[in-house]
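See structure below.
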Amino acid sequence: AIYKLGAIAVPLCDAQGMVWSIQTVNEQGTKLFPKYGRKKGLFHVLGSLEGAQLVGFAEGYATAATAFELGSGYPVVCCFDSGNMQAVAAEMHKAGMLVDKTPIWLADNDEPNPKTGKRAGQDAALKCQEAFGGVILIPSFPKKDAA
């Protein structure tokens, strides 16, 4: 059962505010979507876009919530995964939601994929920056001490 104490449900909305699906995250961090639920171009905004000069775009809810909580009060958009970031930005742009706003692409600091050498988060943020401008922020973590 995914619905128990410690689980959250995050709505996936379109640019008109209609809820199309939900993502549940349980206390272990397992993320689940309904089997045939829509995700492409859908998002969840933390904070208010109204009057904001900056707007953050994060892959997942935990990153979005952390950036919003630690940030300067600017809104942060949860895109649910790196593959959805550009579709979300395109939907929001088309709806006029990004007028006079600078996007901040909050890329996960992914290790390179061993097969392709690509870094999903950074690659998605770069594509978004090329298409919509703004800046990319990637967290930097200290290297673990060698054993």
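Placement of L42 and V45 in two distinct hydrophobic clusters is found when ILVMFWY residues are connected by side-chain heavy-atom separations under 4.5 Å, directly or transitively. A single hydrophobic cluster is seen to contain both F68 and L137, as judged by linkage of ILVMFWY side chains at heavy-atom distances under 4.5 Å, directly or through other members. L46 and V55 fall into different hydrophobic clusters, where Ile, Leu, Val, Met, Phe, Trp and Tyr side chains are chained together by heavy-atom contacts under 4.5 Å. Connection of V19 to L32 is not established within any shared hydrophobic cluster, with ILVMFWY side chains joined at heavy-atom distances below 4.5 Å, either directly or through further cluster members. Criterion: ILVMFWY side-chain heavy atoms under 4.5 Å apart, direct or through other members. Under it, I136 and V77 are part of a common hydrophobic cluster.
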Exercise for review: Could you walk me through whether W20 and D14 pass the side chain to side chain contact (heavy atoms under 4.5 Å, CB included) test, one step at a time?
Suggested key: CA-CA 7 Å; W20 288 90; D14 64 16; 2.8 Å; yes

Exercise for review: Could you please spell out the steps behind the side chain to side chain contact (heavy atoms under 4.5 Å, CB included) verdict for I104 and Y74?
Suggested key: CA-CA 10 Å; I104 309 297; Y74 289 107; over 6 Å; no

Practice item. Using the side chain to side chain contact (heavy atoms under 4.5 Å, CB included) rule, take M92 and F57 through it: C-alpha gap first, then chi angles, then the decisive distance, then the call. Key: CA-CA 11 Å; M92 292 179 76; F57 286 83; 3.7 Å; yes

Review point. Should V10 and F80 be marked as a side chain to side chain contact (heavy atoms under 4.5 Å, CB included) after you check the CA-CA gap, both sets of side-chain angles, and the distance that decides it?
Key: CA-CA 10 Å; V10 184; F80 297 100; 3.9 Å; yes

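Put simply, the side chain of N84 gets close to the backbone of G41: a donor and an acceptor are under 3.5 Å apart. Proximity of a side-chain donor or acceptor of Q129 to a complementary backbone N or O of G134 within less than 3.5 Å is detected. Judged purely by atom type and a 3.5 angstrom limit, W105 uses its side chain to pair as donor or acceptor with the backbone of G133. When atom types are taken as modelled, the side chain of D110 and the backbone of R119 share no donor-acceptor pair closer than 3.5 angstrom.
The closest side-chain heavy-atom distance from Q122 to I138 is below 4.5 Å.
The shortest heavy-atom contact between P103 and F132 is CG-O, 3.7 Å. When all heavy atoms are compared, the tightest approach of A120 to S82 is CB-OG, 3.6 Å. Scanning both residues, A89 and L98, for their nearest heavy atoms gives O-CD1, 3.9 Å. For S21 against G37, the heavy-atom pair with the smallest separation is OG-CA, 3.9 Å. Heavy-atom minimum distance, I22 versus P11: CG2-CA, 4.3 Å. Taking both residues in full, the closest heavy atoms of P112 and G117 are given as CB-O, 3.8 Å, listed atom of the first, atom of the second, then distance.
Here E91 contributes atom CD and Q16 contributes atom CD; the two are 8.0 Å apart, rounded to the nearest 0.5 Å. For the atom pair C79 SG and L106 CG, the distance stands at 9.0 Å (nearest 0.5 Å). Note that CG of D108 is 3.5 Å distant from CD of E59, once rounded to the nearest 0.5 Å. For the atom pair CG (L12) and NE2 (H44), the distance works out to 9.5 Å, reported to the nearest 0.5 Å. Atom-to-atom distance recorded for Q23:CD and D81:CG is 9.0 Å, nearest 0.5 angstrom.
Both tests hold for K39 against F33: distance to the six-membered ring centre under 6.0 Å, angle to the ring axis within 45°.
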